[in-house]
Amino acid sequence: MANKMKARVIKAENASATTKQIYDDPFQSSYGDDVIEPPYNLKELKLIGEYSTILQQCVEAYRVNILGFGMVPDYRFDYNAKDTPDEQKRAADAEWTRLEEFYRYLNYDEEAETILGYALEDREKMGNGYVEILRDGLNRPAGMEYVDGQYVRVCKRTVPEEVEYTITENGQPQKIKRWRTFRKFVQMINGKKVYFKEYGDPRIMDSRTGKFDESTPENLRATEIIHFKIGSGTYGIPRWVGHIVHQYGARKAEELNYLYFKQGRHTPAAITISNGMLTEDSYTQLQEYMNDIQGVDNAHKFLVLEAEGITQKGLKPGDESTTPVKVEIKSLAEILQQDALFLEYDTKSRDKLRSAFRLPPIYTGESKDYNKATADTARKITEEQVFEPERQAITGKLNTLFLPDLEIYHVKAALKGPNFGDPIETANALTPFINAGAAVPNDLRDLLGQVLGKELEALPDEYNVPFPVVLNSLQQQSNPLALLTKSKEPPGQSELINILKDLRDVLEEVRS
């Protein structure tokens with residue numbers, strides 16, 4: 001009769017904590033009639049940044065470089081042009097102050113750039129970001145609040161509504177009317193729905209039902225939403241959504257590496273027993289050993305195995321013998337990769353996600369291969385191709401929506417960017433222009449202020465003269481002969497004596 005062989009697999013019973021990737025959608029029963037279902041699970045997109053090792057850095061780089069330098073007013077015309085009327089300048093100065101105060105007090109707890117930054121992070125993670133706009137008693141925008149995009153859904157467009165707009169024609173504001181369709185938005189938190197209307201919709205909406213009703217009490221009227229999205233669809237699509245599989249794969253690789261180090265004391269091995277079998281007590285102890293192998297408290301333990309030999313019957317009755325048992329532990333560590341696993345996979349995943357944001361590694365803290373020249377080039381290209389167009393898109397939307405309601409026509413809001421110039425290098429480059437008389441002092445006051453670290457006032461007009469002109473004037477004043485040639489009237493006797501004395505001094509200096 002052939003001998004039978006039995007194999008048992010011993011492994012740790014505790015399962016590792018894994019990432020939850022599928023989230024319930026609270027709007028699942030509301031899609032169909034009015035509410036439009038998003039193409040992706042928004043909550044999953046919002047939370048994946050907490051599991052990724054690179055996504056949050058890319059989103060943070062966008063927020064800091066687009067909004068982090070501040071928002072300032074800017075003139076829509078050449079303020080210093082000679083043909084600019086003083087009346088237009090006074091109107092622009094007043095609007096400048098109003099626009100500054102408007103953005104300063106949009107939110108009493110945070111700056112406007114901070115609130116917009118929250119919406120920008122949502123837009124980069126989910127493709128959609130929202131801010132709520134509150135109006136004052138004069139129906140002007142006066143407040144801004146952040147709205148968490150994972151709880152907001154877009155509704156179908158409403159029937160067309162005739163809306164009044166203000167445009168400028170020949171520099172003068174004109175009122176026009178046009179038909180436009182608007183969307184509704186609905187927010188659900190803990191089962192409670194709240195409706196919003198799109199910014200600019202003049203109709204009164206009930207925030208509880210989403211219906212347009214003129215008799216709605218003022219405290220129940222829906223406020224307005226501004227929707228920042230990526231793309232032209234009903235919902236925005238994250239720019240990195242094509243790399244979502246890599247993010248999940250990188251997360252699983254991280255979990256595998258975590259378990260590798262957490263249970264790293266255990267060497268993968270095969271335990272072979274010849275001519276015997278493990279006792280039940282040894283099997284139980286081996287299972288407990290595997291379960292308790294993790295943690296520093298179990299770093300130094302010995303494994304003792306007990307095996308029983310196989311009893312064989314002899315030819316004669318009562319003649320029995322036990323075979324000698326041989327236990328061997330054969331290491332399988334050589335078939336595994338050394339150290340952490342999938343490091344190259346993780347590196348490629350990070351590179352792919354950065355490429356989706358069009359960011360060089362220097363913006364995510366990986367700058368070991370950069371020098372000053374390559375770093376400056378990378379920053380300038382990214383500023384030109386990524387950040388500045390994004391600033392223009394955001395301020396363009398805000399200016400288009402806010403400024404007509406605020407009756408501001410001569411100034412606009414602008415987001416500042418970084419200054420890549422080196423004041424010392426700029427000063428060296430300006431030296432030939434200064435010597436040629438192509439620059440006046442006021443042209444250089446801002447640059448001098450950067451070098452000195454403080455703001456400098458502009459010089460009066462009588463001192464705002466090119467340097468060669470001033471130098472030439474000083475040289476002529478120190479030359480007594482120039483006074484004779486420039487004087488239109490003959491000098492008096494005393495003046496002539498002084499000129500001759502000065503001429504004598506000059507000749508003595510030349511002779512010496």
Side-chain angles (χ1 to χ4, degrees), residues 15-25 37-66 117-129 148-150 228-264 335-370 374 378-379 381-382 385-387 389-390:
S16 62
T18 57
T19 304
K20 186 178 180 182
Q21 299 178 4
I22 303 299
Y23 300 90
D24 294 332
D25 189 346
E37 183 176 3
Y40 299 96
N41 190 305
L42 298 182
K43 187 174 182 180
E44 184 177 354
L45 295 177
K46 177 71 176 285
L47 297 182
I48 195 174
E50 299 179 9
Y51 308 132
S52 173
T53 61
I54 187 61
L55 178 59
Q56 189 62 43
Q57 293 95 305
C58 294
V59 173
E60 187 75 9
Y62 263 57
R63 183 187 63 82
V64 170
N65 287 277
I66 293 174
Y118 296 150
L120 180 64
E121 288 188 359
D122 279 357
R123 190 195 72 170
E124 295 306 319
K125 290 180 180 178
M126 300 179 292
N128 304 272
D148 195 340
Q150 64 179 311
F228 297 95
K229 60 182 178 179
I230 299 177
S232 58
T234 302
Y235 287 95
I237 304 298
R239 64 183 82 246
W240 57 272
V241 73
H243 305 271
I244 193 170
V245 175
H246 278 280
Q247 298 310 299
Y248 285 139
R251 175 65 179 186
K252 290 300 182 182
E254 292 290 339
E255 291 176 358
L256 181 60
N257 287 331
Y258 169 71
L259 292 178
Y260 178 85
F261 290 107
K262 184 180 179 182
Q263 300 178 348
I335 69 174
L336 295 177
Q337 293 176 267
Q338 299 298 314
D339 201 30
L341 308 177
F342 305 110
L343 289 180
E344 185 176 355
Y345 177 86
D346 182 66
T347 301
K348 295 297 183 181
S349 177
R350 295 172 68 88
D351 292 342
K352 289 181 179 180
L353 195 70
R354 273 197 309 269
S355 70
F357 285 89
R358 295 187 296 161
L359 290 176
I362 192 173
Y363 281 95
T364 56
E366 300 162 286
S367 57
K368 61 182 180 180
D369 296 329
Y370 281 89
T374 57
R379 292 173 58 209
I381 293 176
T382 309
Q385 299 294 322
V386 180
F387 296 136
E390 290 290 343

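As the structure is a computational prediction, the values presented were derived from the model and not from experiment.
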- Message: Checking Gln56 against Glu50 for the side-chain contact (heavy atoms from CB on, under 4.5 Å) test, could you report, in this order, the C-alpha distance in whole Å, the side-chain angles of both residues, the deciding distance, and whether it holds?
- Response: CA-CA 7 Å; Gln56 189 62 43; Glu50 299 179 9; over 6 Å; no
- ring-ring contact (aromatic ring centres under 6.0 Å, His included) against Phe387, all qualifying residues, sequence neighbours excluded: Tyr62, Tyr363
- Message: Tell me the closest heavy-atom pair linking Thr382 and Pro360, and the distance in Å.
- Response: OG1-CD, 3.2 Å
- Item | Arg350 side chain to Thr53 backbone, donor-acceptor under 3.5 Å | yes
- Item | Ile54/His243 under side-chain contact (heavy atoms from CB on, under 4.5 Å): CA gap, chis, key distance, verdict | CA-CA 12 Å; Ile54 187 61; His243 305 271; over 6 Å; no
- Task: Grab the two heavy atoms, one from Lys229 and one from Thr234, that are nearest each other, plus how far apart they are.
- Result: NZ-O, 4.0 Å
- Verify, without hydrogens or angle tests, whether Ser349 (side chain) and Asp346 (backbone) share a donor-acceptor contact under 3.5 angstrom. no
- Task: Start with the C-alpha gap between Ile362 and Thr374, add the side-chain angles, then the distance that decides, and say whether side-chain contact (heavy atoms from CB on, under 4.5 Å) holds.
- Result: CA-CA 10 Å; Ile362 192 173; Thr374 57; over 6 Å; no
- Looking only at heavy atoms, the pair that brings Ala250 and Tyr345 closest together is N-CE2, 3.6 Å
- Would you say Trp240 and Cys58 make side-chain contact, with heavy atoms under 4.5 Å? no
- Once you round to the nearest 0.5 Å, how far does CG of Asp351 lie from CD of Glu366? 7.5 Å
- Please step through side-chain contact (heavy atoms from CB on, under 4.5 Å) for the pair Leu120 and Glu390, ending with a clear verdict. CA-CA 10 Å; Leu120 180 64; Glu390 290 290 343; 5.5 Å; no
- From Tyr51 atom OH to Glu255 atom CD, the distance as rounded to the nearest 0.5 Å: 10.0 Å
- Message: Please check: side-chain N/O of Thr364 versus main-chain N/O of Pro361, any donor-acceptor pairing under 3.5 Å?
- Response: yes
- If you look at every heavy atom in Arg239 and Ile230, which pair is closest and at what distance? NH2-CD1, 3.7 Å
- Which value, rounded to the nearest 0.5 Å, describes the distance between Met126 atom CE and Tyr235 atom OH? 11.0 Å
- Note on the structure: Closest non-hydrogen contact found for Pro238 with Leu45 is CG-CD1, 3.8 Å
- Note on the structure: So CD of Gln57 and CG of Leu55: to nearest 0.5 Å the spacing works out to 8.5 Å
- Query: Rounded to the nearest 0.5 Å, what separation is found between the CD atom of Glu254 and the CZ atom of Arg251?
  - Reply: 8.0 Å
- Among all residues two or more places apart in sequence or in another chain, which pass the ring-ring contact (aromatic ring centres under 6.0 Å, His included) test with Tyr118? Tyr146
- Task: State whether Asp25 and Lys43 are salt-bridged, where the test is any N-O pair (Lys NZ or Arg NE/NH1/NH2 against Asp/Glu carboxylate O) under 4.0 Å.
- Result: no
- Task: Taking Ser52 for its side chain and Ile48 for its backbone only, find out whether a donor-acceptor pair lies under 3.5 Å.
- Result: no
- Query: Do side-chain atoms of Asn128 reach the backbone of Gly236 as a donor and acceptor pair under 3.5 angstrom?
  - Reply: yes
